[in-house]
Peer 1: 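My questions will all concern the structure given below.
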There are 2 protein chains.
Amino acid sequence: MSEMAQEAERRSASDRVADAILQDIRMGRLVPGQHLLEPELTARLGISRGSLREALKHLAADGIVSLSRFRGAYIAALDRKSVLDLLDVLEPLARLAARLAAAASPDRAQCEPLLESAARLAELQASGKRGEYLTERRRFYDMLVDLGGNSELARVIPLSRTDLFRTQVESRQTDSQRHRHAMGYTRIATAVAEHDSAEADKAVAGHFAGTRETMAELADEVFPAS
Amino acid sequence: MSEMAQEAERRSASDRVADAILQDIRMGRLVPGQHLLEPELTARLGISRGSLREALKHLAADGIVSLSRFRGAYIAALDRKSVLDLLDVLEPLARLAARLAAAASPDRAQCEPLLESAARLAELQASGKRGEYLTERRRFYDMLVDLGGNSELARVIPLSRTDLFRTQVESRQTDSQRHRHAMGYTRIATAVAEHDSAEADKAVAGHFAGTRETMAELADEVFPAS
DNA sequence: TCGGTCAATAATGTTCGACGATTTAGTGGG
DNA sequence: CCCACTAAATCGTCGAACATTATTGACCGA
């Protein structure tokens with residue numbers, strides 16, 4: 001218990017705030033395009049303006065919020081081109097993560113949490129719990145990156161910005177699109193567990209092909225005016 | 001002139017400080033492992049402690065400086081594994097940038113600055129101006145990314161951390177290694193100018209193969225204790 | 001003299017309040 | 001109805017304060 005508390009206290013206030021905002025986004029409490037008022041947030045989170053600004057700056061660097069001078073912070077909203085650009089960048093990194101995870105994991109036990117996460121994703125998708133689905137999805141990617149053991153990848157891969165994109169499109173997808181998405185993780189996790197780098201790479205590539213197809217099927221109203 | 005001044009003033013103080021530190025690193029005025037004192041920097045740069053700390057936080061997020069609690073900020077030093085990990089991450093992104101730049105550039109005129117930059121790199125390498133070489137190299141990558149027109153790539157690709165790695169190894173390379181490195185940029189720029197995406201991709205892949213070879217040839221003393 | 005202990009110093013982490021600058025909204029006059 | 005002007009709200013920066021910790025160097029005993 002004390003370890004948890006110490007760990008929580010050791011992290012700076014701005015990091016805690018940034019995590020809180022990210023979690024609020026995943027759970028739908030904050031929606032893309034929403035205006036973030038400094039006085040409201042400092043009051044709600046009980047921190048100083050300086051710490052909040054530090055957190056917002058951090059989130060802005062990751063493209064989660066957009067800061068415009070004297071106009072405040074807004075949760076970023078991705079237009080269609082940004083989403084396609086993001087997928088182009090994310091795909092090679094995710095494929096690298098999958099290849100490394102498949103090649104690195106020495107014993108099957110370490111892959112067990114990944115398989116469990118994929119199973120939970122299928123469950124959560126079926127039961128329609130979108131907030132939990134997005135949170136679990138993020139855990140899946142974090143695990144995949146960790147398994148690979150490439151510390152630079154963890155720093156670079158834009159998972160938080162992908163959370164943002166998922167938040168935007170999640171509620172507009174059809175059930176079959178959601179099902180296809182969830183199944184993709186199962187295929188990836190299976191390939192990693194089997195230590196099959198080539199298949200893991202192909203699984204991620206196929207997953208992204210499906211996502212691009214879904215994007216093409218979505219109406220323009222899903223995206224802000226570009 | 002006023003436009004320049006306005007543009008400089010429009011950017012936040014912390015961004016200016018971060019850029020100044022990055023430039024100092026490229027020019028060798030700051031070396032990996034060096035301790036950054038807040039009082040010294042605030043006095044030299046003429047900014048408040050808050051703005052400086054914001055900049056340091058930003059640089060720490062990009063892995064340029066490492067912050068250790070109550071001990072201050074140090075210019076990061078990459079061990080051998082981190083360098084190899086960084087290359088694994090950077091390669092697919094650089095290849096994507098090259099493919100996009102080759103595919104996107106409609107007219108040859110836009111590629112002219114890239115070819116000029118490659119020529120300048122060959123010159124600077126030959127004349128041994130290492131600081132200018134690294135600065136020009138960064139400009140080359142920035143142009144390559146801009147030409148592709150993928151805004152997410154610019155956000156994700158870890159060019160600053162690559163600057164850091166280059167700073168560490170640049171002075172330890174042999175002339176033939178430096179020559180091979182500089183020639184790689186010429187081949188990339190030429191392929192982009194010819195709108196040959198496949199060749200651009202291969203040129204970058206070959207460039208990275210050469211860099212990995214150089215890394216294997218370097219002695220352990222180049223890297224900090226891992 | 002050497003090694004260990006301990007207090008003084010310096011640097012950092014965090015927060016707060018203040019000031020000037022700028023955008024936005026609202027208001028009154030033409 | 002439109003435009004200039006005022007007022008409110010917000011943001012960027014700075015300086016100061018306080019608590020916490022690492023470092024330094026003096027001091028002391030073996």
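Residue numbering restarts at 1 for every chain, and letters A, B, ... go by the order of the sequence lines. Atoms considered below: every heavy atom in the structure, side chains included; atoms not considered: hydrogens, waters and symmetry mates.
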Peer 1: Which part of the nucleic acid, if any, lies within reach of A:L52 when heavy atoms closer than 4.0 Å are counted: base, sugar-phosphate only, or nothing?
Peer 2: nothing
Peer 1: Would B:R178 and B:E170 pass as an ion pair if we require N to O under 4.0 Å?
Peer 2: yes
Peer 1: Strictly below 4.0 Å, N to O, side chains only: are A:D163 and A:R137 in salt-bridge contact?
Peer 2: yes
Peer 1: Nearest-Å distance, NE2 (B:H35) to C1' (D:dA22)?
Peer 2: 10 Å
Peer 1: From the set C:dT12, D:dC14, D:dC11, return the single nucleotide nearest to any side-chain atom of A:F70.
Peer 2: D:dC11
Peer 1: Can you tell me how far C1' of D:dT10 sits from CG of A:L56, to the nearest Å?
Peer 2: 13 Å
Peer 1: Could you tell me how far apart A:E54 (CD) and C:dC16 (C1') are, to the nearest whole angstrom?
Peer 2: 15 Å
Peer 1: Less than 4.0 angstrom between a side-chain N/O of B:R71 and OP1 or OP2 of D:dT23, yes or no?
Peer 2: yes
Peer 1: Could you tell me the separation between the CG atom of B:L45 and the P atom of D:dC14, rounded to a whole number of Å?
Peer 2: 11 Å
Peer 1: Between D:dA22 atom C1' and B:L37 atom CG, what is the distance in whole Å?
Peer 2: 13 Å
Peer 1: If you only use heavy atoms from C-beta on, which nucleotide in D:dT20, D:dT13, C:dA11 is closest to the side chain of B:S51?
Peer 2: D:dT13
Peer 1: Counting distance alone, no hydrogens or angles: does the base of D:dG12 have a donor or acceptor under 3.5 Å from a partner atom on the side chain of A:R49?
Peer 2: yes
Peer 1: When you check the phosphate oxygens OP1 and OP2 of C:dT23, does a side-chain N or O of A:R69 lie under 4.0 Å from one of them?
Peer 2: no
Peer 1: Which is true for A:L67 with a 4.0 Å heavy-atom rule: it touches a base, it touches only sugar-phosphate, or it touches nothing?
Peer 2: nothing
Peer 1: For D:dG12 and A:R53 - does any side-chain N or O of the residue sit under 4.0 Å from the phosphate oxygens OP1/OP2?
Peer 2: yes
Peer 1: Report the distance from atom CG of B:D15 to atom P of D:dG12, rounded to the nearest whole Å.
Peer 2: 11 Å
Peer 1: I'd like to know if A:D88 pairs up with B:R99 as an ion pair, taking the criterion as any Lys NZ or Arg NE/NH1/NH2 lying under 4.0 Å from an Asp or Glu carboxylate oxygen.
Peer 2: no
Peer 1: Return the value, rounded to whole Å, for the distance between atom CD1 of B:I47 and atom P of D:dG12.
Peer 2: 16 Å
Peer 1: Within this structure, what is the CD-to-C1' distance between A:E40 and D:dA9, rounded to whole angstrom?
Peer 2: 15 Å
Peer 1: Could you please name the option among C:dA21, D:dC14, D:dT21 that lies closest to any side-chain atom of B:S48?
Peer 2: D:dC14
Peer 1: Step by step, work out the ring pair (Phe, Tyr, Trp, His ring centres under 6.0 Å) result for B:H181 and B:H207.
Peer 2: CA-CA 7 Å; B:H181 190 251; B:H207 186 62; 4.8 Å; yes
Peer 1: Mind checking B:G50 for me? I need base, sugar-phosphate or nothing, with any heavy atom below 4.0 Å counting as a touch.
Peer 2: nothing
Peer 1: Inspect the contact between B:E123 and B:R120 and indicate whether a charged nitrogen and a carboxylate oxygen are less than 4.0 angstrom apart.
Peer 2: no
